[in-house]
Amino acid sequence: MGVEIERKFLLADSSWKQNARGLRMRQAYLSTDPDRTVRVRVAGGAAWLTIKGRSLGPVRAEYEYPIPVEDAQSMIQDLSPKPAIDKLRYRVWYQDQLWEIDEFKGENTGLVVAEIELDSVDQTIHRPDWLGQEVTDDPRYTNARLSQCPFSRWPEQATSPGQ
């Protein structure tokens with residue numbers, strides 16, 4: 001069984017962006033049921049279908065499969081509710097740990113979130129100075145939720161100065 005262990009954080013500042021290059025991603029959800037989300041994603045010249053189970057803290061089941069880009073684009077256009085998630089993903093190394101930082105666009109512009117995938121729940125995280133508040137357990141910051149209730153529609157937008 002595929003398992004994802006991931007923690008998510010807001011950013012304290014934009015110093016992480018120095019020399020970082022982003023990859024454009026577009027993704028949408030075919031199901032946003034908390035027990036089973038189904039996501040289709042296009043990034044660069046590749047595409048994937050991903051099925052995720054319910055989160056138990058930072059842990060959940062995850063299965064991911066490559067699919068033809070044309071099929072993914074069609075699913076995003078024809079089968080998923082709008083808006084699709086549009087973002088730039090940056091990969092930033094800090095003390096031998098890979099951080100993925102998503103700078104959201106479109107209806108989620110203004111939100112920037114850092115994620116780190118771990119090998120175990122108790123793995124030590126080396127916290128960069130640019131890392132802010134942890135939001136792992138706040139469902140508003142899941143991409144599935146952002147596709148339903150974009151950041152621009154939040155009554156009080158959270159602080160995310162890491163843009």
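In what follows, every heavy atom counts, from backbone to side chain, and hydrogens, waters and symmetry copies are set aside.
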Considering all heavy atoms of both residues, which atom of [X] and which atom of [Y] are nearest to each other, and what is their separation?
X	Y	answer
Ile101	Ala114	CG1-CB, 3.9 Å
Gln148	Arg153	O-NH1, 4.1 Å
Lys8	Glu134	O-CG, 3.4 Å
Asp137	Gly57	OD1-CA, 3.7 Å
Ala144	Thr37	CB-CG2, 4.2 Å
Thr32	Ser147	CG2-OG, 4.2 Å

Check: [Y] and [X] side chains under 4.5 Å, non-hydrogen atoms:
X	Y	result
Tyr94	Arg127	no
Thr136	Tyr141	no
Glu107	Ser152	yes
Leu49	Arg39	no
Ile125	Gln97	yes
Ile85	Met25	no

Evaluate whether atom [atom1] of [X] has more than 12 neighbouring non-hydrogen atoms of other residues, nucleotides or ligands under 6.0 angstrom away.
X	atom1	value
Arg60	CZ	yes
Asp129	CG	no
Gln18	CD	no

CA sep, side-chain torsions, deciding dist, call: Ile116, Leu98, side-chain contact (heavy atoms from CB on, under 4.5 Å): CA-CA 7 Å; Ile116 186 168; Leu98 177 61; over 6 Å; no

Do [X] side-chain atoms and [Y] backbone N/O form a donor-acceptor pair below 3.5 Å?
X	Y	answer
Thr142	Arg145	yes
Ser74	Glu70	no
Gln77	Gln73	no

If you measure only the distance, is there a donor-acceptor pair under 3.5 Å linking the side chains of [X] and [Y]?
X	Y	value
Thr50	Glu62	no
Ser15	Asp13	yes
Tyr90	Glu103	yes

Stepwise salt bridge (Lys or Arg N to Asp or Glu O under 4.0 Å) test for Glu64 and Lys52: CA-CA 9 Å; Glu64 189 164 68; Lys52 296 186 180 195; over 6 Å; no

Salt-bridge contact Arg26-Asp86 (side-chain N to carboxylate O under 4.0 Å): no

Parallel, tilted or perpendicular, as decided by the 30° and 60° cut-offs, for the rings of Phe151 and Trp154: perpendicular

Test log, rule side-chain contact (heavy atoms from CB on, under 4.5 Å), inputs Leu88 and Leu23: CA-CA 5 Å; Leu88 289 173; Leu23 173 66; over 6 Å; no

CA sep, side-chain torsions, deciding dist, call: Val38, Asp33, side-chain contact (heavy atoms from CB on, under 4.5 Å): CA-CA 9 Å; Val38 180; Asp33 182 310; over 6 Å; no

Pair Arg7-Glu115, salt bridge (Lys or Arg N to Asp or Glu O under 4.0 Å): steps then yes or no: CA-CA 6 Å; Arg7 291 179 60 189; Glu115 301 175 346; over 6 Å; no

Stepwise ring pair (Phe, Tyr, Trp, His ring centres under 6.0 Å) test for Tyr65 and Trp48: CA-CA 5 Å; Tyr65 308 96; Trp48 301 267; over 10 Å; no

Geometric cation-pi criterion Arg91 and Trp99, 6.0 Å radius, 45° cone: no

Rounded distance [0.5 Å steps], NZ in Lys87 versus CG in Asn143: 3.5 Å

From Arg41 atom CZ to Tyr29 atom OH, the distance as rounded to the nearest 0.5 Å: 7.0 Å

Steps toward side-chain contact (heavy atoms from CB on, under 4.5 Å) verdict (Val3, Val59): CA-CA 7 Å; Val3 175; Val59 181; 3.7 Å; yes

